[in-house]
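One structure is given here, and the rest of the page talks about it.
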Amino acid sequence: MNHLLRRAGWWIRDYAYAIAWQARAAVDHTDPESFAVGTRVPIIVLPGVYETWQFMRPLVTAMHQQGHPVHIVTALHRNRRPIVELAQDVTGFLEDADLRDVIIVAHSKGGLAGKLAMTGPAGERVRSMLAIATPFGGSRYARLMPWRTLRAFSPFDPGIVELARQQEANTRIVSIYPRFDPHIPEGSELPGAKNVALDVGGHFWVLEHPRVLAELAVLAE
């Protein structure tokens with residue numbers, strides 16, 4: 001019973017966080033270019049599906065306050081398109097801005113696009129990626145979804161299967177994820193990567209877990 005109550009509490013906290021930040025994102029008109037200045041390692045932020053960059057605003061602000069220039073790929077919009085197209089946008093952004101030695105900080109689907117970009121023509125421009133609650137192996141719940149955007153997360157989707165085969169970038173990835181993720185029951189462990197399992201539950205509010213910034217600090221050394 002205590003186990004079920006704990007998970008129920010995680011669910012409530014997680015969706016309260018998601019609803020609050022989706023609402024704030026809808027009225028946040030901050031110019032993303034205002035975060036693109038700093039003297040430390042450059043960072044590119046990749047949000048999850050149906051999320052704008054403002055959904056990751058607390059993390060963006062914290063990284064920028066630490067001196068990192070934080071770049072937003074506005075072409076991603078709400079991140080609903082296929083992973084291949086999103087990775088092409090990330091590649092184009094890296095090349096057009098001539099960014100090098102970049103750390104990608106990605107949430108959920110953003111980590112899939114980030115990994116694919118790391119295997120592409122601009123992959124050498126990326127130092128590493130911090131992937132937060134990313135479904136590298138897909139989610140069994142995706143098959144139940146009525147929308148193609150979400151069904152693409154099925155473990156049997158060709159895009160998920162092919163991305164799993166491409167393991168050369170895994171050693172440059174830190175995958176950080178909660179013990180209980182209501183969206184990804186399989187978890188986010190990635191072979192060959194540094195895997196950090198947090199003793200918490202949820203898919204969204206983990207973005208504000210202090211271990212996220214701690215792992216970023218290690219990558220930025």
Side-chain angles (χ1 to χ4, degrees), residues 25 30-57 59-64 66-132 134-136 149 152 157-176 190 192-194 207 212 215-221:
T30 305
D31 182 359
E33 288 295 322
S34 65
F35 297 102
V37 293
T39 58
R40 301 189 66 193
V41 180
I43 291 172
I44 285 184
V45 168
L46 305 180
V49 65
Y50 299 133
E51 299 171 4
T52 63
W53 72 268
Q54 290 97 331
F55 189 81
M56 297 177 67
R57 177 65 182 271
L59 187 54
V60 169
T61 299
M63 294 186 297
H64 186 250
Q66 291 183 355
H68 294 281
V70 182
H71 300 273
I72 313 298
V73 187
T74 55
L76 299 183
H77 300 293
R78 287 191 174 272
N79 220 353
R80 291 179 290 188
R81 290 177 292 131
I83 295 167
V84 171
E85 295 181 17
L86 300 174
Q88 290 171 346
D89 285 340
V90 175
T91 296
F93 187 90
L94 286 166
E95 293 176 340
D96 292 345
D98 195 24
L99 294 175
R100 299 178 185 275
D101 200 31
V102 170
I103 297 175
I104 294 175
V105 176
H107 179 232
S108 195
K109 183 182 181 179
L112 301 179
K115 179 184 172 181
L116 189 56
M118 291 171 72
T119 68
E124 75 282 354
R125 294 176 179 267
V126 179
R127 173 194 293 197
S128 55
M129 178 170 71
L130 180 60
I132 308 160
T134 292
F136 289 111
T149 297
D157 184 87
I160 293 290
V161 173
E162 178 58 30
L163 190 60
R165 290 197 186 107
Q166 300 183 39
Q167 298 190 14
E168 61 271 20
N170 290 9
T171 57
R172 292 186 284 143
I173 296 174
V174 174
S175 181
I176 185 168
L190 181 66
K194 177 183 179 181
L207 286 166
V212 172
E215 290 298 330
L216 175 65
V218 174
L219 293 176
E221 288 178 353

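Just so it is clear, the values below take in all heavy atoms, side chains as well, and ignore hydrogens, waters and symmetry mates.
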Exercise. What are the two closest non-hydrogen atoms of G110 and A106, and how far apart are they?
Worked result: C-CB, 3.4 Å
Problem set entry | Closest non-hydrogen atom pair between E215 and I176, with its separation | CG-CD1, 4.3 Å
Exercise. Do the side chains of V105 and I132 get nearer than 4.5 Å, heavy atoms only?
Worked result: yes
Seminar exercise, completed: Separation between NE2 (H71) and CG (L94), nearest 0.5 Å, reads 9.5 Å
Problem set entry | Heavy-atom pair with the smallest gap, counting every atom of I173 and A193 | O-CB, 3.2 Å
For this session: Test M129 against every option in I104, V102, N170, I103 by the side chain to side chain contact (heavy atoms under 4.5 Å, CB included) rule and name the one that passes.
Result: I104
Exercise. Are the side chain of R127 and the backbone of V41 linked by a donor-acceptor contact shorter than 3.5 Å?
Worked result: no
Seminar exercise, completed: When rounded to the nearest 0.5 Å, the distance separating CG of L116 from CD of E85 is 11.5 Å
Exercise. Checking R40 side chain against H68 main chain: does a donor-acceptor pair fall under 3.5 Å?
Worked result: no
Exercise. Is the closest side-chain heavy-atom distance between T134 and L190 below 4.5 Å?
Worked result: no
For this session: Mark yes or no for whether K109, through its side chain, and E51, through its backbone, hold a donor-acceptor pair below 3.5 Å.
Result: no
For this session: Taking all non-hydrogen atoms of both residues into account, name the closest pair between A113 and A87 and its distance.
Result: O-CB, 3.7 Å
Exercise. Can you find a pair of side-chain heavy atoms, one from H64 and one from V37, that are under 4.5 Å apart?
Worked result: yes
Exercise. Could you state the interatomic distance from CZ (R80) to CG (L86), rounded to the nearest 0.5 Å?
Worked result: 11.5 Å
Seminar exercise, completed: Output for pair (L130 CG, K194 NZ), nearest 0.5 Å, gives 9.5 Å
Problem set entry | L219 CG to S128 OG distance, which is reported to the nearest 0.5 Å | 4.0 Å
For this session: State the CZ-CZ distance between R125 and F93, to the nearest 0.5 angstrom.
Result: 12.0 Å
For this session: Before giving the answer on side-chain contact (heavy atoms from CB on, under 4.5 Å), spell out for T30 and R57 the whole-Å C-alpha distance, their side-chain angles and the decisive distance to 0.1 Å.
Result: CA-CA 10 Å; T30 305; R57 177 65 182 271; 3.0 Å; yes
Problem set entry | Geometric class of the W53/F35 ring pair [parallel <30°, tilted 30-60°, perpendicular >60°] | perpendicular
Problem set entry | Distance-minimising heavy-atom pair for P47 and M56 | CA-SD, 3.5 Å
For this session: Under the side-chain contact (heavy atoms from CB on, under 4.5 Å) rule, what do L207 and V212 come out as? Steps first, then yes or no, please.
Result: CA-CA 7 Å; L207 286 166; V212 172; over 6 Å; no
Problem set entry | Side chain D89, main chain L76, donor-acceptor under 3.5 Å | no
Problem set entry | Closest approach of F136 to I160 (non-hydrogen atoms, all atoms of both residues) | O-CG2, 3.9 Å
